[in-house]
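Working notes, structure below.
In what follows, every heavy atom counts, from backbone to side chain, and hydrogens, waters and symmetry copies are set aside. These figures come from a predicted structure and were not determined experimentally. Chain letters run A, B, ... following the sequence lines, proteins first, then strands; residues in each count from 1.
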Amino acid sequence: MIGQVRQTHVDGIETVLAAGPPGQVHAGLAFRVGIADESMTTRGLSHLVEHLALHEHGHGHLNFNGATTDCFTIFHVDGTEDEVVEYLNGVCRSLRSLPMHRLEVEKDILRAEQAGRSGSWAAELASWRYGARTYGLSAFPEFGLKKLTPEVVQSWADAHFTTENAVLWMSCDDPPEGLDLRLPAGWRAAPPPPTSALPVTPAYLQGPPGGIALQSVVPRSTHASLFATVLGKELFRALRQHGGYSYTAAAAYLPRDSEWATVTALADAAPEKDDAVVGGFVDAIAKLCVGNVEEADLASAKTSALRALESFDSTAGRLPAHAMNLLVGHPTPTDAELVAEIEAADSGDIERVAGLVWDDALVLVPRAGLEWAGVDPAPQNSTDIVSGSEHIALDDKQLTLIVGPAGVTIRHAGGAQSTVRYTELAALHTYPDGGRVLVGQDGFRVVVEPTRYVRGVEVVRAIDAAVPEESVLAMPARTPEQIPGSLRLMSAESGSPPSRARKAAAITFMSLLGLVVLFWIFVSASLTVHAISPPDDENDYLVAAIMGWIVQGMLAGTFVWLWRQLRRTW
Amino acid sequence: VSSTGSTASAELFPELGELAALADQGDWRTLELVLDAEQDAEVLIRVMNVIVERPGVERLLEDVVFRQRDSALANTLLAWRHVVLGWQARSGRRAEHVRMEDFHEFVAQLRRAERRLIDVCARYPAYVPAWHVRLPAARGLQLGTSEVRRRYDRLARLQPHCLESQRQLLQQLCPKWSGDPWDAAFEFVRGCSAEAPEASAVPSLIAEIYIELYMELGADEGSRRLAEPDVLEELRAAGQASVLNPNFPMNYLWASAHSAFALAFSLAGEHASARPHFEALGPYVAAETWERVTGDPKALLERHQALASAAARR
């Protein structure tokens, strides 16, 4: 029972203790810092600290792990008292002075980890809801890794992995002997306030075929948690059991910070059943929104929730949640309070949460959209444009790039437009070939491919000059196939802007080609003169003259084409 | 052209005319009493169909749902009226011939209907008429074949062998709507016919699908196809199993089912087989069945009736 949780301090760190199963100690150290505290250009910082702090435990037999989430970085361990002491002491020792000789190796490990991770629909929805910052950052790769220096990493650790910003939990009556958890002094950081990139909800996004996903943010509550269980049962019955339209149909509830929780629901679709899945999904939620809750579903949700409270090591099992509540300042109710809340929940409570969930919903749908169900599309375009010089793409006359002092806009005559203002810039990705991608804090992107514009190189220079170094993320080289535009091969080899030597070589080549063209004009003209007034009856000169002019046309065409291409790059 | 099935003949069934008059007079209390007393969902659908075809009935229904927010009947009727108005705006023309503003009106009306029906079905998942109206709504909103199918399956679990609803799904399954080959449509109507109880109107779906096939193929190729022996055999068997069965009851589906057979046999040039259907119908041929294949149903009908009786004399 939560009443038996004892609060104390170990080396100044707030600590919660509760008796667990004998012989084994579950323990963990959680810090109130995570992905949501980072930025696009430092994305990966907390994760990197976590890896460095765990480095010395890499080869033991101990059952331990680390995790970095939106709001927390967590180190946990199961073992004997001695093992737990050794693990926690090691983590704190490393945090005080991170093993920087491991920095590049750990970065490589993180990159490998990332390569194995595929983009999830939850992250996709988060980036649309929050933009390229706070709780939307988890949608983006750990872009910051490359430029993180030892100084930056250690100062992040010193600022966030502090005594005050940590909570320790242990499933034992008293802290074991020998703990040395000294950390730098600091402060308890509140969870970052969420940013918004979604002006109106409910809204939908067009996703790929294969299923539907919904995400909503609602106040944390027992009722919302019960709602997710009930919705999961409703979806499973409607989409899996009755129709066989889906294999997976489920819903989940997860606290986001001290006040809010994320409710997610997902149903995949059997081939060619996408439309039925969308229809059944909408009907399932609508049913709960009008309070038509199956009594058996609610009763079973309540029973599972109560059973979780009653289980043998429930108190010790919920210590991590308790610790994280302490870190974000969310009160942890007593068991008695929880039981009372669960038991009192009725269909009206589920209906109220359903209304909140639907009002705040962001839905990823395949194909046809959701206007028919009263849901509008999430904005696909920036609302404003910058003023500045306009550049029309060479390979698509409908596409205009506007580069101004305030930022960059790319717009298509079809209506699509995307703007990133320098004051709202999350990051500038730079490719060695000259390609630039500006990512706004609202998640909108402007891709600048210098090979697509006559004055592409100038444009790239202007953007580079306007963006401070700390916002720049250097990206690895792209293969020629990844670079659009007619001059990609030349550009990819030479880099951008082209070197002086290459410029000189090109000018020499063009001059020689020019001379050949002039010479051939002379040859063709001579042949023509002979053809018109042949010295004898033979007609060979006419054929030769025609051939001569054909070759001349090809030579001149090549010259003009190359000349234009070169002007585009320089 | 009605999107939601044929209008039953008011001369045959005077009570339908009386209900229509109640709707025109705005006598909701009586109307509600009569409709709420109807136990057979398929009959209820037929009767509701008559009411939603009344011009201007939406004014009465809007007034009623304002006062009876949770009424399944009133909300379904109003939603159905939106569907009728939507399909009227769209007209029966092929998509490329529909004017842009008419198409927008069509979609707007169907969305209005659909939002109301989502709510009715959420509150009263067993209310068959609402599921029925969600079929033409889903078709018009292009929610996809698997979704129309899901809605039909929900309905069929509550009310199997509902011919009006099966006609809706048949429309969706036809290549002109679904873009799929004919197989699914034929599989569906043959399945419905096989499972239908004795002397049911359901096997008339066989006649309907061949009329659809005729229209898809065009007059020459269509007539040839329908005149093939196996097709005629299938049509005759379906007629015997349904409207020509001595136990077939005189119900609201009687005229449209007979008319479908009469038309299918006429299009096949098999006038002798069309004759019993024309004879049974007498003056009560369902005009809308014939409107589907011609702009001048009267002329076509008279010609084929004459051919049928000539075939009888031979």
Side-chain angles (χ1 to χ4, degrees), chain A residues 202 204 209-212 230-231 234-235 237-246 249 267-294 297 347 350-351 354-355 357-358 365-377, chain B residues 69-72 75 79 82-83 86 104 106-127 130-131 133-158 169 172-173 177-181 183-184:
Chain A
Y204 79 82
I212 183 169
V230 170
L231 175 61
E234 188 67 56
L235 290 172
R237 187 171 44 241
L239 297 175
R240 167 93 188 252
Q241 288 180 315
H242 280 175
Y245 311 114
S246 300
D268 61 6
E272 307 196 351
K273 297 293 184 201
D274 270 309
D275 297 322
V277 168
V278 173
F281 192 94
V282 167
D283 278 354
I285 292 181
K287 197 175 157 197
L288 301 184
C289 281
V290 300
N292 189 356
V293 179
E294 298 292 330
D297 288 352
S347 62
I350 302 302
E351 179 183 348
V357 164
W358 186 246
V365 286
R367 216 176 69 87
L370 273 182
E371 282 94 344
W372 60 275
V375 181
D376 288 326
Chain B
R69 268 190 51 202
D70 294 344
S71 162
N75 277 292
H82 286 307
V83 171
H104 285 315
F106 169 62
V107 171
Q109 291 281 11
L110 292 188
R111 283 183 186 164
R112 248 170 254 155
E114 178 62 22
R115 283 170 208 178
R116 203 167 278 282
L117 292 166
I118 289 173
D119 197 68
V120 175
C121 288
R123 284 176 207 278
Y124 312 101
Y127 191 64
W131 285 108
V133 185
R134 290 189 87 184
L135 300 173
R139 276 176 53 214
L141 289 167
Q142 298 182 26
L143 299 190
T145 300
S146 70
E147 171 61 0
V148 180
R149 187 80 193 221
R150 182 188 72 92
R151 293 175 179 204
Y152 174 77
D153 289 343
R154 288 290 302 260
L155 180 145
R157 270 207 303 255
L158 302 162
L169 182 54
Q172 174 67 37
L173 293 175
W177 279 96
S178 66
D180 296 334
D183 308 7

- To the nearest 0.5 Å, atom NE2 of B/H82 lies from atom CD of B/Q109 at 6.0 Å
- Rounded distance (nearest 0.5 Å) linking atom CD of A/E294 with atom OG of A/S347: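 Reported to 0.5 Å precision, the distance equals 11.0 Å.
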Under a 4.5 Å heavy-atom cut-off, does chain A meet the side chain of [X], its backbone, both or neither?
X: B/R149; result: neither
X: B/L143; result: both
X: B/R112; result: neither

- Query: Residues of residues 271-280 of chain A under 4.5 Å from chain B (heavy atom pairs)?
  - Reply: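 Against chain B, the residues of residues 271-280 of chain A that fall inside the cut-off (heavy atoms, under 4.5 Å) are A/E272, A/K273, A/D274, A/D275, A/A276, A/G279, A/G280.
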Report, one line per pair, each donor and acceptor closer than 3.5 Å where one atom sits in a side chain of residues 368-377 of chain A; sequence neighbours left out.
| residue | atom | partner | partner atom | Å |
| --- | --- | --- | --- | --- |
| A/E371 | OE1 | A/Y204 | OH | 3.1 |
| A/E371 | OE2 | A/Y204 | OH | 3.0 |
| A/W372 | NE1 | A/G369 | O | 3.2 |

- Can you check whether A/V365 reaches A/F281 side chain to side chain, under 4.5 Å on heavy atoms? no
- Message: Regarding B/R116 and B/N75, do their side chains bring together a donor and an acceptor under 3.5 Å, going by distance alone?
- Response: yes
- Item | Distance-only donor-acceptor check, side chains B/Q172 and B/S178, under 3.5 Å | no
- Query: Does the distance from a Lys or Arg side-chain N to an Asp or Glu carboxylate O, for B/R151 and B/E114, drop under 4.0 Å?
  - Reply: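 Yes, B/R151 and B/E114 are salt-bridged.
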- Go through the steps for B/D119 and B/R115 under the test salt bridge (Lys or Arg N to Asp or Glu O under 4.0 Å), then give the verdict. CA-CA 7 Å; B/D119 197 68; B/R115 283 170 208 178; over 6 Å; no
- In terms of heavy-atom pairs under 4.5 Å with chain A, the winner among B/A122, B/P125, B/G144 is B/A122
- In terms of heavy-atom pairs under 4.5 Å, which option from A/N292, A/D283, A/V282 contacts chain B the most?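 Option with the top pair count is A/D283.
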